[in-house]
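Notes to accompany the following structure.
In what follows, every heavy atom counts, from backbone to side chain, and hydrogens, waters and symmetry copies are set aside.
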Amino acid sequence: MTLNRPKVQILLSTYNGAAYLDEQVESLINQKDVEVQILIRDDGSTDDTVDKLSILEQRYPQQIRLCRENNVGVIASFFDLIERSSEAFDYYAFCDQDDVWMPNKLARAVARLREKDGSRPLMYCSATQMVSQNLEPLKVWPSDIPRSLSFHNALIENVCVGCTMVINKETLQLVKTRMPDTLDNIIMHDWWIYLCTSSFGEVIFDHEPYIWYRQHQNNVLGGSTDGWLGKWRKRLSRFVKGKNRYILSKQALQFVQLYGQDMPSQMYRDVERFLHSYHKGVLSRIKYIGQSPFYRQSRLDNWIYKFVFILGKL
């Protein structure tokens, strides 16, 4: 390895992703101006994923480390990767199995992170260039982040796309040293890291996309190319079916139980009041919500947050 280049460990979870793996992994290997190691955890794939990964590992033995594991789901798989990560690296990036990274994705992230105080937890994230399965451009998403990426946003909304995230060693240790006993109340690994970093450090958002974010019918996770009407139809359907109920309040409670004693005092008081008001009656929730310091990025999303909070279904 070239000694003066920053070392980045890429954490990649795979599951039945054989179709696009070669293209994705090659784009990781070919990152400019950084040294990379790809730590891959296969989550019990039943297609040709492991066979393809084995070939890639043989092709790049110094840069790929493959762990063949049982299926535990995407959240637990990424948390397992965090536990397996090595302290020998300067930065850590999260990766999905079906995208393509632009050659300067990591170099751009490292450059932005180096502008900040590296003794604090730091996280970089960016917009994505959404593309079809054949890499035909669709749109840039998220297109706009009008408000700051703070704890008061992170508690109730995640705008940081996991596959764009790059963190420094301080953020990794912040997460790694206080792993939740159970992941039942964690919505997603990237949201949890956004919460951690915004509470104790700084989040950097880059409006320029450095990743081709592939959209296809087999996506486990992904952005939406639907218009606002389609987006809200899906959200309403998930709410009616109960899929989104109570997840935000449970994650907030889990977070404050793990980190509350070290949070800045005002931040801790804000989340304690949020949880206290939420678990009281509807009149208490109505009284609180008008002066809540927590916010979502869009005005419409903010009104939905207030409405669901009053209903006690957050």
Side-chain angles (χ1 to χ4, degrees), residues 8-29 36-89 92-99 101 133 158 161-165 167 171-196 213-214 216-222 238 242-244 246-247 250-251 254-255 257-258:
V8 183
Q9 188 172 47
I10 300 171
L11 308 181
L12 167 59
S13 176
T14 60
Y15 178 70
N16 290 352
Y20 305 110
L21 267 176
D22 289 297
E23 197 170 22
Q24 170 67 302
V25 171
E26 291 292 342
S27 76
L28 308 183
I29 294 293
V36 300
Q37 182 201 76
I38 311 168
L39 177 60
I40 305 174
R41 182 192 184 280
D42 184 74
D43 194 34
S45 291
T46 57
D47 66 353
D48 296 332
T49 295
V50 172
D51 291 337
K52 284 200 170 186
L53 289 173
S54 297
I55 293 171
L56 288 164
E57 185 179 33
Q58 292 173 14
R59 187 183 305 165
Y60 303 107
Q62 301 302 315
Q63 292 172 283
I64 293 178
R65 177 186 162 201
L66 173 60
C67 307
R68 302 164 179 84
E69 300 295 339
N70 296 325
N71 182 263
V72 294
V74 62
I75 301 173
S77 186
F78 270 110
F79 271 95
D80 186 48
L81 282 165
I82 291 170
E83 288 194 300
R84 293 171 184 260
S85 61
S86 167
E87 296 183 8
F89 295 85
Y92 303 83
F94 296 87
C95 182
D96 292 344
Q97 65 186 5
D98 45 15
D99 304 318
W101 287 12
Q133 61 183 13
N158 181 31
V161 183
C163 55
T164 73
M165 287 169 40
I167 61 177
T171 299
L172 182 80
Q173 290 305 310
L174 179 66
V175 176
K176 200 171 184 177
T177 55
R178 298 192 194 180
M179 298 288 277
D181 292 332
T182 174
L183 299 178
D184 292 345
N185 297 326
I186 308 301
I187 300 172
M188 190 54 65
H189 69 284
D190 52 4
W191 197 331
W192 188 256
I193 295 168
Y194 178 27
L195 259 174
C196 290
Y213 191 36
R214 199 188 309 258
H216 56 87
Q217 62 181 4
N218 295 323
N219 273 28
V220 176
L221 298 169
R238 288 196 299 267
K243 293 184 178 179
N244 281 1
Y246 315 117
I247 57 175
K250 287 180 178 179
Q251 179 170 262
Q254 175 78 85
F255 184 79
Q257 287 173 343
L258 280 175

If you apply the rule side-chain contact (heavy atoms from CB on, under 4.5 Å), what do you find for Ile193 with Ile82, and how did you get there? CA-CA 11 Å; Ile193 295 168; Ile82 291 170; 4.2 Å; yes
4.5 Å side-chain heavy-atom contact, Met165 and Tyr194: no
Starting at CD of Gln58, measure out to CG of Leu66 and round the result to the nearest 0.5 Å. 10.5 Å
Who are the side chain to side chain contact (heavy atoms under 4.5 Å, CB included) partners of Arg59, not counting sequence neighbours? Glu26, Ile55, Leu56
Closest non-hydrogen atom pair between Gln63 and Val36, with its separation: CG-O, 3.6 Å
Is the backbone of Tyr15 close enough, under 3.5 Å, to the side chain of Thr49 for a donor and an acceptor to pair up by distance? no
Where do Cys163 and Trp101 come nearest, in terms of heavy atoms and distance? O-CZ2, 3.8 Å
Under 3.5 Å donor-acceptor, Asp96 side chain and Asp99 backbone: no
Are side-chain heavy atoms of Leu21 and Thr14 found at a separation under 4.5 Å? yes
Could you tell me whether the side chain of Phe78 reaches within less than 4.5 Å of the side chain of Asp190, counting heavy atoms only? no
How many angstroms lie between atom NE2 of His189 and atom CD1 of Ile75, to the nearest 0.5 angstrom? 9.0 Å
For the student: nearest non-hydrogen atoms of Val72 and Arg41, plus distance: CG2-NH2, 3.4 Å
Atom of Leu81, atom of Ser13 and distance for their closest heavy-atom approach: CD1-N, 3.8 Å
Going by atom types only, do Ser54 and Glu57 share a side-chain donor-acceptor pair under 3.5 Å? no
Between Asn185 and Phe255, is the side-chain contact (heavy atoms from CB on, under 4.5 Å) condition met? List the steps. CA-CA 9 Å; Asn185 297 326; Phe255 184 79; over 6 Å; no
Gap separating the CG atom of Asp184 from the CD1 atom of Ile247, nearest 0.5 angstrom: 13.0 Å
Rounded to the nearest 0.5 angstrom, the CG-CD distance for Asp42 and Glu69 is 9.0 Å
Is the shortest side-chain heavy-atom distance between Leu183 and Phe79 below 4.5 Å? yes
For Arg68 and Val50: C-alpha separation, side-chain torsions, deciding distance, then whether side-chain contact (heavy atoms from CB on, under 4.5 Å) applies. CA-CA 8 Å; Arg68 302 164 179 84; Val50 172; 3.7 Å; yes
Pairs of donor and acceptor atoms involving the side chains of residues 171-179, under 3.5 Å and at least two apart or interchain, shall be tabulated with distances.
{"from": "Thr171", "atom 1": "OG1", "to": "Leu122", "atom 2": "N", "distance (Å)": "2.8"}
{"from": "Thr171", "atom 1": "OG1", "to": "Leu122", "atom 2": "O", "distance (Å)": "2.9"}
{"from": "Thr171", "atom 1": "OG1", "to": "Asn168", "atom 2": "OD1", "distance (Å)": "3.0"}
{"from": "Lys176", "atom 1": "NZ", "to": "Ser85", "atom 2": "O", "distance (Å)": "2.6"}
{"from": "Lys176", "atom 1": "NZ", "to": "Ser85", "atom 2": "OG", "distance (Å)": "3.1"}
{"from": "Thr177", "atom 1": "OG1", "to": "Gln173", "atom 2": "O", "distance (Å)": "2.7"}
{"from": "Arg178", "atom 1": "NH1", "to": "Leu258", "atom 2": "O", "distance (Å)": "3.1"}
{"from": "Arg178", "atom 1": "NH1", "to": "Asp262", "atom 2": "OD2", "distance (Å)": "3.0"}
{"from": "Arg178", "atom 1": "NH2", "to": "Asp262", "atom 2": "OD2", "distance (Å)": "2.3"}

Does any non-hydrogen side-chain atom of Val74 lie less than 4.5 Å from one of Asp43? no
How about Gln254 and Trp192: do any of their side-chain heavy atoms sit closer than 4.5 Å? yes
For Tyr92 and Glu87 the tightest heavy-atom approach is OH-CA, 3.5 Å
First locate atom CD1 of Ile38, then atom CG of Leu12, and finally report the distance between them rounded to the nearest 0.5 Å. 7.5 Å
Kindly give the heavy-atom pair with the smallest separation between Cys95 and Gln24, and that separation in Å. SG-NE2, 3.3 Å
What's the separation between atom CG in Asn16 and atom CG in Asp47, rounded to the nearest 0.5 Å? 4.0 Å
Under the side-chain contact (heavy atoms from CB on, under 4.5 Å) criterion, do Gln251 and Ile186 qualify, and how do the steps go? CA-CA 6 Å; Gln251 179 170 262; Ile186 308 301; 4.0 Å; yes
